[in-house]
Protein chains: 2
Amino acid sequence: MKASPAGRLFTEIVLEVFKLSGQLTAEGDKLTQDVQMSSARWKVLGALGRAGNPMTVSDVAHSMGQSRQGVQRLANEMVELGFIALADNPQHKKAKLLLLTDKGVDVLQQLEQKQLPWAEACAQGIDAEALQITLDTLRKLERKL
Amino acid sequence: MKASPAGRLFTEIVLEVFKLSGQLTAEGDKLTQDVQMSSARWKVLGALGRAGNPMTVSDVAHSMGQSRQGVQRLANEMVELGFIALADNPQHKKAKLLLLTDKGVDVLQQLEQKQLPWAEACAQGIDAEALQITLDTLRKLERKL
DNA sequence: CAAATATTGACAACTTGTTGTCATACTCTA
DNA sequence: TAGAGTATGACAACAAGTTGTCAATATTTG
C-alpha cells in the first residue's frame, strides 16, 4: 500500500506540529520566566481567563486536551502562588471551582501585552487567508483523532 | 494595543498546535505500545529512517527541534534494545553515528504500515490544497520562531 | 432507599524533555 | 603549535505530563 498525496501531507503536518509545539513552549517559557510563570502555567491560567467563569480542574483539563492530574498539579501550584483561588462548588463538595485572583488577572494581562506584539510579528507577512485555512484544517484534524 | 486579525488567528493556531501535539502523541503511543516503542522513540527512529544515512545525536536532535540530551537518552535506550547501532564516526571520536539495525528497519516498517491507513483516514475529507497550505504555513511560522 | 457506577483530589511511579555541569575531543586562529 | 572556543557524551536535577490506585463524594439505576 502506498501513501496518497493527502496521507503524505498529513504525516508531514504531524511532524511539523511536534516541532512547532516544542518551539512554542520554549518561547512561552522565555516570555513568562520573570513573573513566576511558565508555558504550562500560562496555558492553565489562560484557559481560565478565556472561559471567563470559574471552572473545575476537570473542565480546564478537558478544554486543554490534557489529563486531569497534570492540570491539578499546575493548579495547586498556582493556588499556592496566589494566581488562582478556590471557591466552593454548589454542585460538588470535593470539586472546588478555580477562579483567577486579582493577581492572576494582572499577570495574565501582562503576559497578553507581551505576547501581542510577538504574535503580530510572527503573523507578519503571512496571508490572513492562509492562517484561517491553517486553523480550520488543524481543528478538523483534531476532531478526527 | 489591540490584536490584528492575523495576530488573533496566530494565537488560536498556537493553542491548537498544543492540543494537537498532545493528542497525536497519545495516538502514537497507542500505535507503538506493543513493539517496545513509544511516540518519543518513534520520532527518533523515524528521523533516522527519513534521513537515510547515519547521523549523530546532535543531527537528529536538530532535525527534530529538540534538545541534544533528550535525544541522547532515547537513542541510548534504543541501542540497548537493539533498534539502533553505533558506528565509528571518522569525523569525531566521541560522537558516534547512529544507524538503524535490521530490527530497527523492521519495526519502522511495521509502524509505517500501521500508520498509513490511519493517516489516510485522518486526511480523508480534507481538501489536499488546504493540507498543503497548512503545512506551508506551519513551516513559515516555525521559521519565524 | 440501596447498590452499582462515575467523578474527584491526593499520592506515587513513570516517561518525556529541558537545562546545567563536567571532562573529553575537536576546530580554528594567532 | 599552543590556546581559545566549540561540540560531545555522561550524569544529575528539574519541569511537564501520563497512568494507576485509593478514599471520598455524586449520580444513576433497580
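Convention: sequence-line order gives letters A, B, ...; per-chain numbering from 1.
Between Glu12(B) and Arg50(A), at least one side-chain nitrogen of the basic residue sits less than 4.0 Å from a carboxylate oxygen of the acidic one, meeting the salt-bridge criterion. Between Lys19(A) and Glu16(A), no side-chain nitrogen of the basic residue sits less than 4.0 Å from a carboxylate oxygen of the acidic one, so the salt-bridge criterion is not met. Classification of Glu142(B) and Arg139(B) as a salt-bridged pair fails, no side-chain N sitting under 4.0 Å from a carboxylate O. Between Arg73(A) and Glu77(A) there is a salt bridge, with a side-chain nitrogen of the basic residue lying less than 4.0 Å from a carboxylate oxygen of the acidic one.
Listed by residue number, the members of residues 46-65 of chain B with any heavy atom below 4.0 angstrom from DNA chain C form an empty set. Within residues 15-43 of chain A, the residues approached by DNA chain D to less than 4.0 Å at the level of any non-hydrogen atom are Ser38(A), Ala40(A), Lys43(A), in residue-number order.
Along DNA chain D, the stretch of nucleotides lying under 4.0 Å from any heavy atom of chain B spans, 5' to 3', dT8(D) to dC11(D).
Sparse packing is recorded around CG of Asp102(A), with 12 or fewer heavy atoms of other residues, nucleotides or ligands lying under 6.0 Å away.
For the pair Gln69(B) CD and dC22(C) P, the computed distance is 14 Å after rounding to whole Å. Leu74(A) places its CG atom 14 Å from the P atom of dA10(C), with the value rounded to the nearest Å. The distance from atom NE2 of His92(A) to atom P of dT8(C) is 6 Å, rounded to the nearest whole Å. Here dA25(C) presents its P atom at 11 Å from NZ of Lys96(B), a figure rounded to the nearest Å.
Here the shortest heavy-atom pairing between Ala47(B) and Val60(B) reads CB-CG1, 4.1 Å. When all heavy atoms are compared, the tightest approach of Leu131(B) to Ala123(B) is CD1-CB, 4.1 Å. For the pair Thr11(B) and Ala119(A), the tightest heavy-atom approach, listed with the atom from each and the gap, is OG1-CB, 4.1 Å.
Map Ser67(A) and Lys94(A) each onto its nearest nucleotide of DNA chain D; the residue landing nearer the 5' end is Ser67(A). The residue among Gln66(A) and Asn89(A) whose nearest nucleotide of DNA chain D lies closer to the 5′ end is Gln66(A).
A donor-acceptor contact closer than 3.5 angstrom is absent between the side chains of Glu80(A) and Asn76(A). Ser39(A) and Asp29(A) are linked by a side-chain donor-acceptor pair at a separation below 3.5 angstrom, with hydrogens and angles left out of the test.
Note on Lys93(B): only backbone sugar-phosphate atoms sit closer than 4.0 angstrom, heavy atoms only; bases stay farther off. Among the heavy atoms of the strands lying under 4.0 Å from Gln91(B) are primed sugar atoms or P, OP1, OP2 only; no base atom is included.
The closest side-chain heavy-atom distance from Phe10(A) to Ile126(B) is not below 4.5 Å.
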